[in-house]
Asker: 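The structure's right below; bear with me while I get my questions together.
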Amino acid sequence: MADELTTDIITKIKAHAEPGGEEITSATELTALGIHSLELTEIIFDLEEDYGIEIEMNTVDAWANLKNVGDIVEAVRALIAKKA
Amino acid sequence: MRNRVVITGLGGICGLGTDAAAIWSAMRAGRSAIGEMTNSNLHQIKVKTGCEIKALPDHGIPHKQIVSMDRFSLLAVIAAREAMRQSGLVAGDAETYRMGAVIGVGICGWEAIEENYRAILLEGRNRAGIFTVPKVMPGAPAGQVSMDLGLRGPVFGVTSACSSANHAIASAVDQIRLGRADVMVAGGTDAPLAWGILKGWEALRVLAPDTCRPFSADRQGLVLGEGAGMAVLESYEHATARGAVILGEIAGVGFSGDASDIVAPTIEGPEAAMRACLADAGFNPGDVDYLNAHGTGTKANDQIETAAIKRVFADHAKKLSVSSTKSMHAHCLGASGALEMIACVMAIREGIVPPTANYREPDPDCDLDVTPNVARERPVRTALSNAFAFGGTNAVLAFKAV
């Protein structure tokens with residue numbers, strides 16, 4: 001069962017994905033989303049504003065460290081925890 | 001003996017239509033697509049007249065690619081796909097490094113600029129869109145077309161304001177003449193119907209309030225339009241070896257610089273470019289049947305262009321059919337020369353000179369046969385296409401039947 005943060009992030013990703021694609025879960029590989037790599041990076045940076053966190057990553061690092069949707073969720077979760 | 005360069009595919013999109021056949025059919029009919037701009041929010045702009053593409057065709061370009069493109073790149077890709085389809089070529093593994101793209105751009109991708117300054121300065125957003133840089137850059141359309149069609153040879157953008165497309169096509173011709181490529185996609189694109197750009201043009205006070213009336217005594221200026229035009233250029237040997245249908249030949253190109261004023265044109269600059277083009281093509285003035293004029297509809301351009309044509313063609317100037325198709329597709333800046341290439345190639349193929357639409361009153365300073373309002377049937381063996389620009393960057397192309 002996906003928690004609130006996961007559901008929220010998947011909803012944001014869905015808004016950018018091709019309509020009618022496969023269901024997106026934590027296990028979905030980022031390369032399988034059909035989203036341009038820069039667009040996905042922008043989704044991650046949008047989360048900064050939404051959650052009041054600062055993601056200290058440049059675009060290249062963002063891609064090197066994140067493989068699937070769950071990785072994004074866990075990265076954001078860690079930053080929120082750090083802030084609290 | 002240099003490589004001959006032929007045209008094996010054409011593509012286009014502008015207010016007149018969303019493919020080259022529709023554009024040509026409207027040109028033949030003398031139908032102007034200039035009218036009120038309604039597509040986007042133009043905020044406070046006095047002049048509401050432009051030449052919009054009211055709806056894009058069903059292009060099938062994937063979302064992932066679309067998000068990385070500003071409108072001028074999207075138009076370029078749509079037109080390039082059409083030209084490539086007509087040529088029958090597919091970039092295969094063996095040939096892909098012998099195929100390239102040179103695309104003229106007069107301005108840049110402005111949608112991203114417009115969205116960002118509004119979002120940051122008016123709405124208080126603190127970050128620009130992540131695609132801003134790759135969307136805006138004037139080399140983007142060439143890159144996007146190369147990615148879309150798998151072209152891995154010479155790929156670059158060319159810019160010289162209103163003559164960008166002619167410079168781009170000429171530069172693509174050079175790649176083939178020099179043996180760097182066998183096939184080049186070449187043309188131009190621009191999507192300038194955005195607030196920031198129109199505001200700049202409004203300040204220059206050269207925009208016509210009603211419509212574009214080139215060479216007509218009551219002309220009031222130019223009208224801006226959006227669009228893209230593309231051709232697949234190919235060496236004659238390459239085209240004949242694969243049995244391609246050859247639509248026409250680019251017989252020559254001619255350049256010049258006015259070296260005079262950033263906006264005011266000279267007679268000598270255009271004259272020199274036309275002469276250089278005739279020499280490069282091996283044409284005598286009397287060989288030219290049709291001249292697609294730069295013909296912007298401004299007082300200065302049309303008068304000066306007429307004078308330059310008379311100097312180059314002397315007695316033949318009055319026998320020449322002249323027209324400005326900008327009266328129909330408006331001035332699409334970086335795309336203009338490419339749309340006018342469609343007019344020239346099709347005029348040669350069908351023996352029909354497209355007219356200067358919206359023409360009302362003869363002007364003694366523009367006393368050539370400007371083909372007013374109605375297309376004219378006549379054999380067209382060869383055609384010249386003029387493009388002049390702010391900066392005095394003149395480029396003329398010569399076309400002939402094969």
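Each chain gets a letter, A, B and so on, in the order its sequence line appears, and its residues count up from 1.
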Asker: So what's closer than 4.5 Å to chain A heavy atoms on B:P62: side chain, backbone, both or neither?
Answerer: both
Asker: Using side-chain heavy atoms (C-beta onward) and a distance below 4.5 Å, is A:I35 in contact with B:H63?
Answerer: no
Asker: For the CD atom on B:Q44, are there more than 12 heavy atoms of other groups (residues, nucleotides or ligands in this structure) within a distance under 6.0 Å?
Answerer: yes
Asker: Taking all non-hydrogen atoms of both residues into account, name the closest pair between A:E42 and B:I130 and its distance.
Answerer: OE2-N, 2.8 Å
Asker: Take atom NZ of A:K82 as the centre, draw a 6.0 Å sphere, and report whether it contains more than 12 heavy atoms from other residues, nucleotides or ligands.
Answerer: no
Asker: Please step through side-chain contact (heavy atoms from CB on, under 4.5 Å) for the pair A:E49 and B:N126, ending with a clear verdict.
Answerer: CA-CA 10 Å; A:E49 288 171 26; B:N126 67 357; 3.3 Å; yes
Asker: Taking atom OH of A:Y51 as the centre, report whether more than 12 heavy atoms of other residues, nucleotides or ligands fall under 6.0 Å from it.
Answerer: yes
Asker: At what distance, to the nearest 0.5 angstrom, does NE2 of A:H36 lie from CD of B:Q65?
Answerer: 9.0 Å
Asker: A:E39 and B:K64: salt bridge (Lys or Arg N to Asp or Glu O under 4.0 Å), yes or no, with the steps?
Answerer: CA-CA 9 Å; A:E39 189 178 15; B:K64 189 175 171 179; over 6 Å; no
